[in-house]
There are 2 protein chains.
Amino acid sequence: MTAEKKAATPGAEDASPDKDWPRDSLKKYASSIDVARVAGVSQSQVSRTFSGSSKVSESTRKKVLEAAERLDYRPSLIPRIMLTHKSNLVAIVVGGLYNPFYSAVLEEFMIRFQAAGHQVLLVHVPNDHALDDVIPKLASYRVDAIVSALAILSPAGAATLAKLKIPVIAFNTAVNNRWVTSVSSENFQAGQTIADLFIARGARSFGFISGPWTSPASARRREGYEERLRETGAGPPTIARGDYRYEGGFAAALGMFGGSSRPDALFCANDLLAIGAIDALRERLGLRVPDDVLVAGFDDIPAASWASVDLTTFTHDAAAMVDETLSIVLSAENGKPLATKPVVVSARLIERGTTSKDLRS
Amino acid sequence: MTAEKKAATPGAEDASPDKDWPRDSLKKYASSIDVARVAGVSQSQVSRTFSGSSKVSESTRKKVLEAAERLDYRPSLIPRIMLTHKSNLVAIVVGGLYNPFYSAVLEEFMIRFQAAGHQVLLVHVPNDHALDDVIPKLASYRVDAIVSALAILSPAGAATLAKLKIPVIAFNTAVNNRWVTSVSSENFQAGQTIADLFIARGARSFGFISGPWTSPASARRREGYEERLRETGAGPPTIARGDYRYEGGFAAALGMFGGSSRPDALFCANDLLAIGAIDALRERLGLRVPDDVLVAGFDDIPAASWASVDLTTFTHDAAAMVDETLSIVLSAENGKPLATKPVVVSARLIERGTTSKDLRS
DNA sequence: TTGTATGCGTTATCAG
DNA sequence: CTGATAACGCATACAA
């Protein structure tokens, strides 16, 4: 049966003209074969005209372009994926965009990847565990690489990813192996730096509001902070757990400063927590920042520089993060294994109003 | 030549066993043929096992699954796209994620689309004009639909889209035709509502800080505001142009309130502008909000509910927006033309502190 | 139930 | 420079 169609092809150029297109309703796009037929050339020439790889005479080129225009032809990239085993698709996995920092990084990535000729497949996973549900989908779309902006990436999740043999770049994760490269900011150093700053401003008692316990980034910032406090002979900080959100910072600060003894310097694992904490101090507890309490955050989200907030914080070197990631992805495309060392990009202190007071004065 | 390979297939199951896989370095994934060979069944059976559409005997099913496991087989979706002319890919076009409202909507979309079995291709375009560069790419990836969160969509851009015969859902655009459906909030009514509220609070002179002139959403909000002010006999509002960003609101407010005559009620086209304006009033001009000036915004971004901001604003019915969009996309997939009427979802007033004062008291 | 053959829309190879 | 043809990996109609 099907052989019949085939058999008819040899002389088909001039066969049933009405059979040209409105055949099946499924077909939405003209194919190179359709174009070829209309232009009166071979399909190869159409392909060559659009890929530009090979030479085509000006006359055929013109005929092809005309026919293509008439049929609204858009070459499909799908078959190419099959042939080359490269989709030019990069998946970005995010767990939530409520933190403006992630939005900003995501945007940066989109721009850069597009510029490099990649398309971005955006994937949302509510939590680390759900990763297993999404991964097969990504593999099925043959993404070239996966960038995980997930705050946390469990060893189990990492294992799932590793099985796919797809290069993975993960932010702020402890995992790092043949298929997973970790990219983080200088979290530990930032913690140290803030401790130094607080001490220089005359602070005597210290507080820290963390992200989720599972967040390596939060843990590292805290470690640096605690270590430096210990080194300088200051007492250990009071710790409260937040969740990286405004509300978490607000509630944690209420708890930490509601009692009798209160810290006079507070480091928060991110800006959202810090802003929540500041609001709790000012609006609910009647404390002044920085006159009574020094506060610092991390991320340098847009709100941190608002006049009413003016928060001391750290900027990630977003450009470097993206650069590194991009180069990892690109080199991985040549089949090379990933760099085996975690990548660390700088975090720069931005001093603003919330630490501008010398507590001894 | 190639025919030889083909000819060899019949008895190939037991042929050169080393030829099994590490053939070409390009190939990263096992194919259904590889699995079939290892399992000792036909490729069809592998396909059937994974698609689940047809019946497969328990014994073969088991053999197939085992082989697949051993080879880390992940069925590719790419060929299916070719067969069905459906990619299950939906493109979301964004112009910038600096506005938390967009991030939130984007996240909502991702979640819903994924739940509906679609993947999201995220595309960034710096401006309306650049849309033309990106569209062909999207067509080449055979996306099923395009959701444009671009604040503006020019008629030219719309025309480009229409040629592709890809369903487009655009937010807050004036365009609406066979291929482009517009989805917006009740911008006009919101403008009226705010005017009413200001008047009820005893305001006498009014101000408005707009988004970019090209933004239809901003224009509609202003129109409703102005119309109601006119109806009630109040003077026309002082207008300043912002750009939907904090800095724009800050600068615009400085200009509008820096002179001798100043409005005592200010409506801003979005929350970011409003927050910028408030900061300018409080931190730079020494004015009190709401005691001296009432302020309202639009979007209900997270920061609007921060204790230090406490901004009166409007929430979009994000869930409805996504619902509508999703149903449009899904129905369009059956080849039906798009709904010809623009979709309007409700905007609900959220009264907060920045309008809590009665100016006459 | 299972196997065979064919097509989807490209690119690459190989003859002309 | 041009045309035929073989893949790529899967789904499906058809035959067995």
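Numbered from 1 within each chain, the chains take letters A, B, ... in sequence-line order. The structure displayed is predicted, hence computed values, not measured ones.
Using a 30° and 60° split on the angle between ring planes, A:Phe171 and A:Phe109 fall in the tilted class, from 30° to 60°. Ring pair A:Phe113/A:His118 is perpendicular by interplanar angle, where above 60° counts as perpendicular and below 30° as parallel.
For the pair A:His85 NE2 and C:dT10 C1', the computed distance is 13 Å after rounding to whole Å. Rounded to a whole Å, the CZ atom of A:Arg142 is 20 Å from the P atom of C:dT10. For the pair B:Ile33 CD1 and C:dA5 C1', the interatomic distance rounds to 12 Å; values are reported in whole Å. Distance, B:Ile81 CD1 to D:dA11 P: 12 Å, rounded to whole Å. Rounded to whole Å, atom P of D:dG9 lies 12 Å from atom OH of B:Tyr29.
Comparing A:Gln43 and B:Ser47 along DNA chain D, the residue whose closest nucleotide (by nearest heavy atom) sits nearer the 5' end is A:Gln43.
Contact check, B:Tyr73 against D:dC10: a side-chain N or O comes under 4.0 Å of OP1 or OP2. OP1 or OP2 of D:dC10 has at least one side-chain nitrogen or oxygen of B:Ser32 nearer than 4.0 Å.
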Atom pairs under 3.5 Å, N or O on each side, protein against nucleotides 1-3 of chain C: can you list them with distances?
residue, atom, partner, partner atom, Å
C:dT2, OP1, B:Ser57, OG, 2.5
C:dT2, OP1, B:Thr60, OG1, 3.3
C:dT2, OP2, B:Gln45, NE2, 2.8
C:dT2, OP2, B:Ser57, N, 2.8
C:dT2, OP2, B:Ser57, OG, 3.4
C:dT2, OP2, B:Thr60, OG1, 2.9
C:dT2, O5', B:Gln45, NE2, 2.9
C:dG3, OP2, B:Ser42, N, 3.2
C:dG3, OP2, B:Ser42, OG, 3.3
C:dG3, N7, B:Arg48, NH2, 2.6
C:dG3, O6, B:Arg48, NH1, 3.3
C:dG3, O6, B:Arg48, NH2, 3.3

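Atoms CG and CD, on B:Asp34 and B:Gln43 in that order, are 10.5 Å from each other to the nearest 0.5 Å. Here the straight-line distance linking atom NZ of B:Lys63 with atom OG of B:Ser57 works out to 7.0 Å at 0.5 Å rounding.
B:Tyr141 is linked by a ring-ring contact (aromatic ring centres under 6.0 Å, His included) to nothing, counting only residues two or more places apart in sequence or in another chain.
Relative to the six-membered ring of A:Tyr29, B:Arg142 meets both conditions, a distance below 6.0 Å and an angle of at most 45° to the axis.
In the helix from C:dG3-D:dC14 to C:dG16-D:dC1, the end axes, each obtained as the rotation axis mapping the C1' atoms of four pairs onto the next four within a five-pair block, lie 50° apart to the nearest 10 degrees.
The pair A:Asp72-B:Lys165 does not count as a salt bridge, with every side-chain nitrogen at least 4.0 angstrom from each carboxylate oxygen.
Contact annotation: the side chain of A:Leu150 never approaches that of A:Val94 to less than 4.5 Å [non-hydrogen atoms, C-beta and beyond].
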